[in-house]
**Student:** 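Structure provided below as structure tokens; questions to follow.
The residues of the chain are indexed from 1 along the displayed sequence.
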Amino acid sequence: MTIDIMMPFWGDVGLLKIAIDSVLAQTSPRWRLVVIDDRYPGDEHTRYLAAIEDERVDIVVNDRNLGVAANFQRSIDLARSSHVVIMGCDDVLLPSYVERLESLIDCYPEASYIQPGVRVIDGSGAEVLPLADRVKGWYRPPQHGTRTLSGESLALSLLRGNWTYFPSICWRAEDLHRYGFRPEYGVVLDLALQIDIATHGGTLVVDDEVVFLYRRHGASVSSVAAVDGTRFQEERTFLLQAAEACKALGWHRAARAAHRHVSSRLSAASRIPSALRNGDMAGVRELGRHSMGSASDQRRDSSR
């Protein structure tokens, strides 16, 4: 078995080198790395990529810049193996990542996806635990070791607060091809995919052994969108749709969690000071609207 590691690239070339080096340093040789160059300007990265002498590394250059969501879908289209990771070009695999995932896949061959243990680092590589990741820890299932989640339990856990780290997840390719990423989303597309899997009978395996370093910094799409409020417009649209999907399945606890989206609203409230400092009054209004809930949302919630 080989694990496909897909790595769309647009960003810091120095961090790209660290990310690729972490793949090359895996204790297991059973991986294939596909770097997808999304037409990043300059030639430093192209010279670096061309110099890699490892037959397991493929370089794909897009015909044009596709952006984040389309590159995630392109990663699915280019995958050949039974299991796929869509890794961030600034994240880091610890040397045992592939070896640990192989072991988990052997133990849980029918799992739709696997969330391994993750540690958070900043732009310089130092371990950090900012508020967003402390909140993820609060929502993460409390059991220790390895466990599985499925059905309403999985949906409820994620809709209370998305505690997973998308770039670290290993997906069963069959499920990725079946559901894919919804083109209308740019920030919550990973949560949307997970809810699609949960509502169609899929299973998540959660493991505590830390094998992945997730880089948290302010330049990410979700971080920028969170300050101006556009992230929360998208979250609200998706969560209200998810509430209806769960309600149709009779998953009333998950439906209530999605409809009330308490963690999302608290997150929006925490961003208001940053929007004020930036003088973004439109962002302040949108963040305030989301944190308080729209009038229509409140009326709908009160009727439940």
**Student:** Charged N to carboxylate O below 4.0 Å: is that the case for R74 and D38?
**Tutor:**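 Result for this pair is no, no salt bridge flagged.
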**Student:** Look at the side chain of E234 and the backbone N and O of G186, then say whether any donor-acceptor pair between them is shorter than 3.5 Å.
**Tutor:**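 A pair under 3.5 Å: yes.
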**Student:** Given 3.5 Å as the limit, does a donor-acceptor pair link the side chain of D58 with the main chain of V34, or not?
**Tutor:**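 No, because the side chain of D58 does not come within donor-acceptor range (under 3.5 Å) of the backbone of V34.
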**Student:** For the CD atom of E127 and the CZ atom of R119, what is their distance to the nearest 0.5 Å?
**Tutor:**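 Result: 5.0 Å between the selected atoms.
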**Student:** Quick one: does R56's side chain get under 4.5 Å of L33's, heavy atoms only?
**Tutor:**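 No, their side chains stay 4.5 Å or more apart.
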**Student:** CH2 of W31 to OG of S81: how many Å apart, nearest 0.5 Å?
**Tutor:**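 W31 CH2 to S81 OG: 12.0 Å, rounded to 0.5 Å.
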**Student:** For R32 and D4, work out which heavy atoms get closest and say how close.
**Tutor:**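 Residues R32 and D4, closest heavy atoms: NH1-OD2, 3.0 Å.
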**Student:** For R160 and A257, indicate whether the former's side chain and the latter's backbone hold a donor-acceptor pair under 3.5 Å.
**Tutor:**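 Side chain of R160 to backbone of A257, a donor-acceptor pair under 3.5 Å: no, none is there.
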**Student:** Side chains of T164 and L191: closer than 4.5 Å at any heavy-atom pair?
**Tutor:**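 Sidechains of L191 and T164: no contact.
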**Student:** Are I20 and L49 packed together at the side-chain level, in the sense that at least one heavy-atom pair is separated by less than 4.5 angstrom?
**Tutor:**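 The answer is yes, as the side chains (C-beta and beyond) meet within the 4.5 Å cut-off.
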**Student:** Can you tell me if S153 uses its side chain to pair, donor with acceptor, with the backbone of L149 under 3.5 Å?
**Tutor:**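 The answer is no, because no donor-acceptor pair under 3.5 Å joins these two groups.
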**Student:** Can L129 be reached from W163 by stepping across I, L, V, M, F, W or Y side chains whose heavy atoms are under 4.5 Å apart?
**Tutor:**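 W163 does not cluster with L129.
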**Student:** When hydrophobic residues are tied together by side-chain contacts of less than 4.5 Å, even through go-betweens, does Y97 share a cluster with V23?
**Tutor:**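 Same cluster.
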**Student:** Do I5 and L93 pass the side chain to side chain contact (heavy atoms under 4.5 Å, CB included) test, and can you show the C-alpha distance, the side-chain angles, and the key distance before you say yes or no?
**Tutor:** CA-CA 11 Å; I5 302 171; L93 302 184; 3.9 Å; yes
**Student:** Look at D133 together with R140 and state whether they make a salt bridge at an N to O cut-off of under 4.0 Å.
**Tutor:**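 A salt bridge is absent here (no side-chain N lies under 4.0 Å from a carboxylate O).
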**Student:** Quick check on the 6.0 Å ring-centre criterion: do F238 and Y185 meet it?
**Tutor:**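 Ring centres of Y185 and F238 closer than 6.0 Å.
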**Student:** Hey, is the main chain of T203 close enough, under 3.5 Å, to the side chain of S112 for a donor-acceptor pair?
**Tutor:**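 At least one qualifying donor-acceptor pair exists.
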**Student:** To the closest 0.5 Å, what do you measure between CG (L204) and OH (Y108)?
**Tutor:**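 Result: 11.0 Å between the selected atoms.
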**Student:** Does S103 use its side chain to pair, donor to acceptor, with the backbone of E99 at less than 3.5 Å?
**Tutor:**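 No: the side chain of S103 does not pair with the backbone of E99.
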**Student:** Locate the shortest heavy-atom distance separating V84 from A173; write the atom from each residue and the value.
**Tutor:**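 Nearest heavy atoms, V84 then A173: CG2-CB, 3.9 Å.
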**Student:** Within this structure, what is the CG-CD distance for the pair L176 and Q73, rounded to the nearest 0.5 Å?
**Tutor:**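 Between atom CG of L176 and atom CD of Q73 there are 8.5 Å.
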**Student:** I3 versus I105: any side-chain heavy-atom pair under 4.5 Å?
**Tutor:**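 Counting from C-beta outward, I3 and I105 do come under 4.5 Å.
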**Student:** Would you indicate whether R253, at its atom CZ, is surrounded by more than 12 heavy atoms from other residues, nucleotides or ligands within a distance under 6.0 Å?
**Tutor:**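 Counting other residues, nucleotides and ligands, CZ of R253 stays at 12 neighbours or fewer.
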**Student:** How close do P8 and S75 get, heavy atom to heavy atom, and via which atoms?
**Tutor:**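 Here P8 and S75 meet closest at CG-OG, 3.6 Å.
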**Student:** Would you please test Y165 and R216 for side chain to side chain contact (heavy atoms under 4.5 Å, CB included) and show each step?
**Tutor:** CA-CA 11 Å; Y165 287 90; R216 174 77 70 182; 4.2 Å; yes
**Student:** Same cluster or not: are Y179 and L159 linked, directly or through other Ile, Leu, Val, Met, Phe, Trp or Tyr residues, by side-chain heavy atoms under 4.5 angstrom apart?
**Tutor:**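 They do share one cluster, since a chain of ILVMFWY contacts under 4.5 Å joins Y179 to L159.
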**Student:** Closest heavy-atom contact between G161 and Y139?
**Tutor:**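 The pair with the smallest heavy-atom distance is O-CB, 3.8 Å.
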**Student:** Applying side chain to side chain contact (heavy atoms under 4.5 Å, CB included) to L94 and V210, what does each step give before you reach the verdict?
**Tutor:** CA-CA 8 Å; L94 293 182; V210 174; 4.1 Å; yes
**Student:** Is the ring pair Y40/W10 parallel, tilted or perpendicular, if the boundaries are 30 and 60 degrees?
**Tutor:**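 It falls in the perpendicular class, over 60°.
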**Student:** Evaluate the side-chain proximity of P116 to C170: yes if any heavy-atom separation is below 4.5 Å, no if none is.
**Tutor:**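 No; the side chains remain at least 4.5 Å from each other.
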**Student:** Going hydrophobic residue to hydrophobic residue with side-chain gaps under 4.5 angstrom, can you get from W251 over to L156?
**Tutor:**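 W251 and L156: separate clusters.
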**Student:** Return yes if some donor-acceptor pair links the side-chain N/O of S28 with the main-chain N/O of V98 below 3.5 Å, else return no.
**Tutor:**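 No, the answer is negative, given that no donor and acceptor are paired below the 3.5 Å cut-off.
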**Student:** Quick one: does D90's side chain have a donor or acceptor within less than 3.5 Å of a partner on L15's backbone?
**Tutor:**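 Answer holds: no.
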**Student:** Between the side chain of S22 and the main-chain N/O of A19, is any donor-acceptor distance below 3.5 Å?
**Tutor:**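 Yes, the answer is positive, given that a donor and an acceptor are paired below the 3.5 Å cut-off.
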**Student:** Does V120 reach the side chain of K136, with side-chain heavy atoms less than 4.5 Å apart?
**Tutor:**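 In short, these two side chains do not touch, never coming nearer than 4.5 Å.
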**Student:** Give a yes or no answer on whether the side chain of Q115 reaches the backbone of F166 with a donor-acceptor pair at less than 3.5 Å.
**Tutor:**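 Absent.
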**Student:** From T148 OG1 over to E110 CD, what is the distance, rounded to the nearest 0.5 angstrom?
**Tutor:**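 It comes to 13.0 Å.
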**Student:** Are any non-hydrogen side-chain atoms of C246 and H259 less than 4.5 angstrom apart?
**Tutor:**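 No, every pair of side-chain atoms sits at 4.5 Å or beyond.
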**Student:** Give the ring-plane orientation class for F9 versus H45, where under 30° counts as parallel, over 60° as perpendicular and anything between as tilted.
**Tutor:**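 Ring orientation, 0 to 90° scale: tilted.
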**Student:** Taking a hydrophobic cluster as the set of Ile, Leu, Val, Met, Phe, Trp and Tyr residues connected by side-chain heavy atoms closer than 4.5 Å, whether directly or through intermediates, do V13 and I18 fall within one such cluster?
**Tutor:**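 In one cluster with V13: I18, no.
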**Student:** Looking only at non-hydrogen atoms, find the nearest pair between L66 and A70 and report the distance.
**Tutor:**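 Taking L66 first and A70 second, the nearest heavy atoms are O-CB, 3.5 Å.
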**Student:** Would you call Y214 and I121 a side-chain contact if the rule is heavy atoms closer than 4.5 Å?
**Tutor:**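 Side-chain contact under 4.5 Å: no.
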**Student:** Could you work out, with salt bridge (charged side-chain N to carboxylate O under 4.0 Å, His left out) as the rule, every residue matching R215, not counting sequence neighbours?
**Tutor:**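 Expected list: none.
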**Student:** Show the numbers, then the answer: is there a side chain to side chain contact (heavy atoms under 4.5 Å, CB included) between T46 and I59?
**Tutor:** CA-CA 9 Å; T46 57; I59 312 300; over 6 Å; no
**Student:** Of the non-hydrogen atoms in L193 and G180, which two are nearest, and what is the gap between them?
**Tutor:**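 Scanning both residues, the minimum pair turns out to be CD1-O, 3.4 Å.
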**Student:** How long is the gap from CG on N62 to CG on N71, to the nearest 0.5 Å?
**Tutor:**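 Result: 5.0 Å between the selected atoms.
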